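What you see is a predicted model; the values in this text were computed from it and never measured. Chain letters run A, B, ... following the sequence lines, proteins first and then strands; every chain starts at 1.
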Number of protein chains: 2
Amino acid sequence: MNVTIYDVAREAGVSMATVSRVLNGTAVVKEETKQKVKQAIERLGYRPNAVARGLASKRTKTIGVIVPDVSALYISEIVRGIEDIAVMYRYHIILVNSDAQLEREIDLIGTMWEKQVDGIVFMSKQVLPDHIETFIQAQIPVVLCATEDPERRIPSVNIDYTKAIFDGARYLIDHNANRLLYVGDPAAASISSQARVKGFKEAGKDSGISIDILELSDLTYETSYKEMDYFLDSHPVPNGIIAVSDEVGLAMMHALQDRGFKVPEDVQIIGYDNTRLALMSRPQLTTISQPLYDIGAVSMRLLTKFLQDEPVETYSVVLPHDMVIRHSTF
Amino acid sequence: MNVTIYDVAREAGVSMATVSRVLNGTAVVKEETKQKVKQAIERLGYRPNAVARGLASKRTKTIGVIVPDVSALYISEIVRGIEDIAVMYRYHIILVNSDAQLEREIDLIGTMWEKQVDGIVFMSKQVLPDHIETFIQAQIPVVLCATEDPERRIPSVNIDYTKAIFDGARYLIDHNANRLLYVGDPAAASISSQARVKGFKEAGKDSGISIDILELSDLTYETSYKEMDYFLDSHPVPNGIIAVSDEVGLAMMHALQDRGFKVPEDVQIIGYDNTRLALMSRPQLTTISQPLYDIGAVSMRLLTKFLQDEPVETYSVVLPHDMVIRHSTF
DNA sequence: TTGTAAGCGTTATCAA
DNA sequence: TTGATAACGCTTACAA
């Protein structure tokens with residue numbers, strides 16, 4: 001059998017209440033007693049049982065983290081941010097993958113509820129009424145991470161996707177590009193896609209600028225390359241491209257280069273995410289950088305504020321994005 | 001206050017034991033009673049409290065997953081494998097990052113103990129006596145994932161790193177390379193590094209083959225590029241290279257190409273991991289593929305066997321690796 | 001087939 | 001400053 005708080009109490013010649021007190025520092029204990037208890041703990045190799053503690057205190061010091069897929073590069077970076085801050089505040093995270101499926105997401109929120117997590121960091125393509133309803137029903141503090149509630153009823157941490165793409169497009173325009181192409185997934189796929197397309201369109205409203213959009217069926221290098229290649233058969237070559245990711249940006253670069261076009265002379269390209277990929281192309285890729293780690297970290301920090309009843313100024317945190325200028329643009 | 005099993009019992013007009021029985025299917029319950037209970041659960045929106053259940057049953061259905069850093073590409077892929085199988089067996093995972101620091105690792109094992117996890121999937125550079133001791137003390141089933149106990153006291157899942165590099169080197173030799181270079185981190189850094197270097201040396205024992213090793217100070221693209229560039233100043237150009245990762249392989253390729261060498265004509269290059277990166281270079285990178293997802297999945301599966309007292313044939317599982325031939329080799 | 005009641009290992013509320 | 005003791009919400013003998 002395992003050593004319990006009761007064993008420690010007996011060993012130290014005090015009551016279990018006192019042991020609990022020195023363990024949690026919830027009340028003043030005479031220094032001498034405290035030492036006795038600590039020594040007993042040491043001697044017995046006692047470890048408090050977090051489950052029992054969770055039951056008694058109704059707080060598990062555990063956060064549910066629901067993501068579409070940890071193995072996605074940008075997500076694992078965010079998760080790292082979440083976990084680091086969680087540890088800092090003495091929380092642990094239960095990590096689950098939803099594969100971006102609504103039913104599974106709802107189900108997972110329920111499971112988190114059963115697990116009595118103190119809070120949830122939630123990530124998904126979009127937030128639907130079903131989500132909101134479940135959150136409310138479960139009565140668990142939630143922070144949306146890189147995800148937004150259109151009605152802003154749930155706190156969230158994001159960057160301004162619209163402005164990010166807008167800035168990128170403006171940069172191209174300011175550097176003499178006038179035939180712009182945005183390459184991404186179908187805008188219907190997620191809130192952030194819609195936001196990006198919106199930014200692109202806004203930037204292209206100038207006179208003399210033509211804009212076009214290439215919707216990819218998926219966001220892998222191979223598909224992007226092929227579909228761009230196909231696109232070029234029937235469309236004039238753009239001289240400015242913004243891609244939804246560095247991987248797609250790289251595919252664009254290769255598709256163009258393989259047709260004999262020069263980057264950035266003939267066409268300038270901007271990627272997205274500032275992954276290591278952007279460094280490994282020739283020329284190196286200019287890219288829009290999202291502070292992924294920070295998005296995770298700030299989400300978790302925001303959640304801790306709710307959990308500790310700290311005052312919260314901003315419910316919808318917007319983190320600044322950045323453009324990293326390399327050599328695929330002027 | 002939350003709905004408890006007691007509320008359900010009253011609502012259904014049965015005892016809480018009966019409710020527990022229909023919940024867990026631990027005993028036969030009359031169909032009629034079962035229906036009553038189920039309806040009561042439905043009406044009340046009851047969710048069992050996993051913490052209370054964990055305390056009473058002494059099993060939390062939770063697995064601790066200790067990794068150096070989730071945000072590392074290959075690790076997040078493994079974690080995904082772990083989580084998928086965990087879900088399949090109705091477990092959840094608590095994920096923690098150790099940053100490969102011994103002290104933190106030991107500490108985390110202790111925390112997992114407090115959390116009363118049913119088992120641990122452990123990943124680290126190496127397994128030291130301190131680890132083993134802590135595992136034993138905690139009395140929690142552990143599976144080492146992509147990590148090995150030199151004395152094989154703890155079950156583990158790996159690929160045969162020695163053979164993987166050996167195979168790669170043999171491939172190069174069979175394709176007329178006779179000046180081989182292995183590029184990796186210092187062999188002292190981890191068990192797997194040592195294993196790889198060993199495989200390389202073994203393959204190079206043939207007459208007429210010269211082998212060399214370049215130890216990188218870190219494994220990023222930039223550093224690798226620079227250190228290779230420096231290396232080439234004072235060493236003859238190898239005609240066959242095996243890199244410790246695709247990223248490093250890519251750096252090698254670029255360093256060579258920038259000096260005017262042709263890949264694979266002048267020098268053949270083999271990467272490691274079969275990441276998406278390998279597809280994105282020109283020429284595309286031949287690479288040694290580790291089944292990362294599977295390593296995670298099999299680790300977790302193995303752990304479930306221990307947890308459910310299923311018979312286990314192999315304590316040290318070795319998964320097959322693979323060579324993906326592309327265009328950086330003949 | 002069902003009910004009773006004793007844990008599980010803490011925290012938290014009273015008293016002392 | 002400390003000690004009893006009642007929760008916490010469930011599982012699990014043991015009875016019935």
Side-chain angles (χ1 to χ4, degrees), chain A residues 1-38 40-41 44-62 90 111 113-118 138-139, chain B residues 1-38 40-41 44-62 90 110-118 138-139:
Chain A
M1 185 82 319
N2 241 310
V3 181
T4 74
I5 198 172
Y6 183 74
D7 300 321
V8 176
R10 198 179 30 195
E11 174 84 10
V14 300
S15 75
M16 46 193 287
T18 300
V19 178
S20 177
R21 286 184 190 109
V22 346
L23 238 35
N24 302 297
T26 67
V28 192
V29 177
K30 208 206 306 176
E31 185 57 33
E32 190 191 326
T33 320
K34 192 185 286 183
Q35 288 312 323
K36 273 196 303 185
V37 171
K38 286 192 171 172
I41 289 177
L44 267 39
Y46 166 74
R47 287 270 185 171
N49 178 326
V51 175
R53 175 178 282 175
L55 182 60
S57 69
K58 296 178 162 298
R59 289 184 298 107
T60 55
K61 289 303 236 171
T62 302
R90 315 212 152 272
T111 322
W113 182 11
E114 291 186 359
K115 283 269 183 182
Q116 309 293 118
V117 297
D118 295 342
Q139 300 208 68
Chain B
M1 187 81 318
N2 241 309
V3 182
T4 73
I5 198 172
Y6 184 74
D7 300 321
V8 175
R10 199 178 31 195
E11 173 84 10
V14 300
S15 76
M16 45 194 287
T18 300
V19 178
S20 175
R21 288 185 190 108
V22 347
L23 238 34
N24 302 299
T26 66
V28 191
V29 178
K30 208 205 305 176
E31 186 57 31
E32 191 190 327
T33 321
K34 193 185 283 185
Q35 288 313 321
K36 274 197 302 186
V37 172
K38 284 192 173 172
I41 288 176
L44 267 38
Y46 168 73
R47 287 271 185 170
N49 179 327
V51 175
R53 176 178 282 175
L55 182 59
S57 69
K58 295 178 164 299
R59 289 184 298 109
T60 54
K61 289 304 234 171
T62 302
R90 314 213 152 272
T111 322
M112 289 304 129
W113 181 12
E114 291 187 0
K115 284 269 182 183
Q116 310 293 120
V117 298
D118 295 342
Q139 301 210 67

Requested in this report: Determine: side-chain N/O of A/Y6 to OP1/OP2 of C/dT11, distance under 4.0 Å, yes or no.
Outcome: no
Requested in this report: Determine: side-chain N/O of A/N2 to OP1/OP2 of C/dG9, distance under 4.0 Å, yes or no.
Outcome: no
Query raised in the report: Rounded to the Å, how far apart are B/I5 CD1 and D/dC8 P?
Result: 15 Å
Report task. Assign each of B/E32 and B/L55 to its nearest nucleotide of DNA chain C by heavy atoms, then name whichever residue's nucleotide is nearer the 5' end. Result -> B/E32
Query - Partner residues of B/R21 under the salt bridge (charged side-chain N to carboxylate O under 4.0 Å, His left out) criterion, sequence neighbours left out - result: none
Query raised in the report: From B/Q35 CD over to B/E31 CD, what is the distance, rounded to the nearest 0.5 angstrom?
Result: 5.0 Å
**Report entry** Below 4.0 Å: OP1/OP2 of C/dG9 and any side-chain N or O of A/R53
**Finding:** no
Requested in this report: Pick base, sugar-phosphate or nothing for B/R59, based on heavy-atom distances below 4.0 Å to the nucleic acid.
Outcome: nothing
Query raised in the report: Over its full length, what angle do the end axes of the helix from C/dT1-D/dA16 to C/dA16-D/dT1 make, each axis taken from five pairs and the result rounded to 10 degrees?
Result: 30°
Query raised in the report: Can you name the residues that form a salt bridge (charged side-chain N to carboxylate O under 4.0 Å, His left out) with B/D7, not counting sequence neighbours?
Result: B/R10
Query raised in the report: Under 4.0 Å between a side-chain N/O of B/N24 and OP1 or OP2 of D/dT11, yes or no?
Result: yes
Query raised in the report: Of the nucleotides C/dT2, C/dT10, D/dC8, which one has an atom closest to the side chain of B/K30?
Result: C/dT2
Report task. Can you tell me the distance, in whole Å, between the CG atom of A/N49 and the P atom of C/dT11? Result -> 10 Å
Query raised in the report: Considering residues at least two apart in sequence or located in another chain, which fulfil the side-chain contact (heavy atoms from CB on, under 4.5 Å) criterion with A/T60?
Result: A/T62, A/Q116, A/D118, B/V51
Query raised in the report: For the pair made of CG in A/D7 and P in C/dT10, what is the distance, rounded to whole Å?
Result: 9 Å
Query raised in the report: Which listed nucleotide (D/dT2, C/dG9, D/dG9) is nearest to the side chain of B/T4?
Result: D/dG9
Write down the protein N/O and nucleotide N/O pairs, taken from nucleotides 3-7 of chain D, whose separation is under 3.5 Å; answer none if there are no such pairs.
| unit_1 | atom_1 | unit_2 | atom_2 | d |
| --- | --- | --- | --- | --- |
| D/dG3 | OP2 | A/S15 | N | 2.9 |
| D/dG3 | OP2 | A/S15 | OG | 3.2 |
| D/dG3 | OP2 | A/T18 | OG1 | 2.7 |
| D/dG3 | N7 | A/R21 | NH1 | 3.3 |
| D/dG3 | N7 | A/R21 | NH2 | 3.3 |
| D/dG3 | O6 | A/R21 | NH2 | 2.5 |

Requested in this report: Not counting sequence neighbours, which residues clear side-chain contact (heavy atoms from CB on, under 4.5 Å) with B/E32? List them please.
Outcome: B/K30
Query raised in the report: Is the shortest side-chain N/O distance from A/K34 to OP1 or OP2 of D/dT1 below 4.0 Å?
Result: no
Query raised in the report: Is any side-chain N or O of B/S20 closer than 4.0 Å to OP1 or OP2 of D/dT11?
Result: yes
Query raised in the report: Is there a side-chain contact between A/L23 and A/R53, using heavy atoms and a 4.5 Å cut-off?
Result: yes
Requested in this report: Grab the CD-P distance between B/Q116 and C/dG9 for me, whole Å please.
Outcome: 8 Å
**Report entry** Residues which pass side-chain contact (heavy atoms from CB on, under 4.5 Å) with A/A40, listed by chain and number, not counting sequence neighbours
**Finding:** A/V8, A/E11, A/A12, A/R43
**Report entry** Value in whole Å for how far the C1' atom of C/dG9 lies from CG of A/L23
**Finding:** 12 Å
Query raised in the report: Could you state the NZ-C1' distance from B/K36 to C/dT1, rounded to the nearest angstrom?
Result: 12 Å
Query raised in the report: Rounded to the nearest Å, what distance is computed from the NZ atom of residue A/K61 to the P atom of nucleotide C/dT11?
Result: 13 Å
Requested in this report: Go through the structure and list residues passing side-chain contact (heavy atoms from CB on, under 4.5 Å) with A/Q139, not counting sequence neighbours.
Outcome: none
Query raised in the report: To the nearest Å, how far apart are B/R10 CZ and C/dT2 C1'?
Result: 19 Å
Requested in this report: For side chain to side chain contact (heavy atoms under 4.5 Å, CB included), just list the numbers for B/I5 and B/Y46, CA-CA rounded to whole Å, side-chain angles, deciding distance to a tenth of an Å, and then say yes or no.
Outcome: CA-CA 8 Å; B/I5 198 172; B/Y46 168 73; 3.7 Å; yes
Query raised in the report: Residues two or more places apart in sequence or in another chain: which of them pass side-chain hydrogen bond (donor to acceptor under 3.5 Å, both in side chains) with B/S20?
Result: B/N24
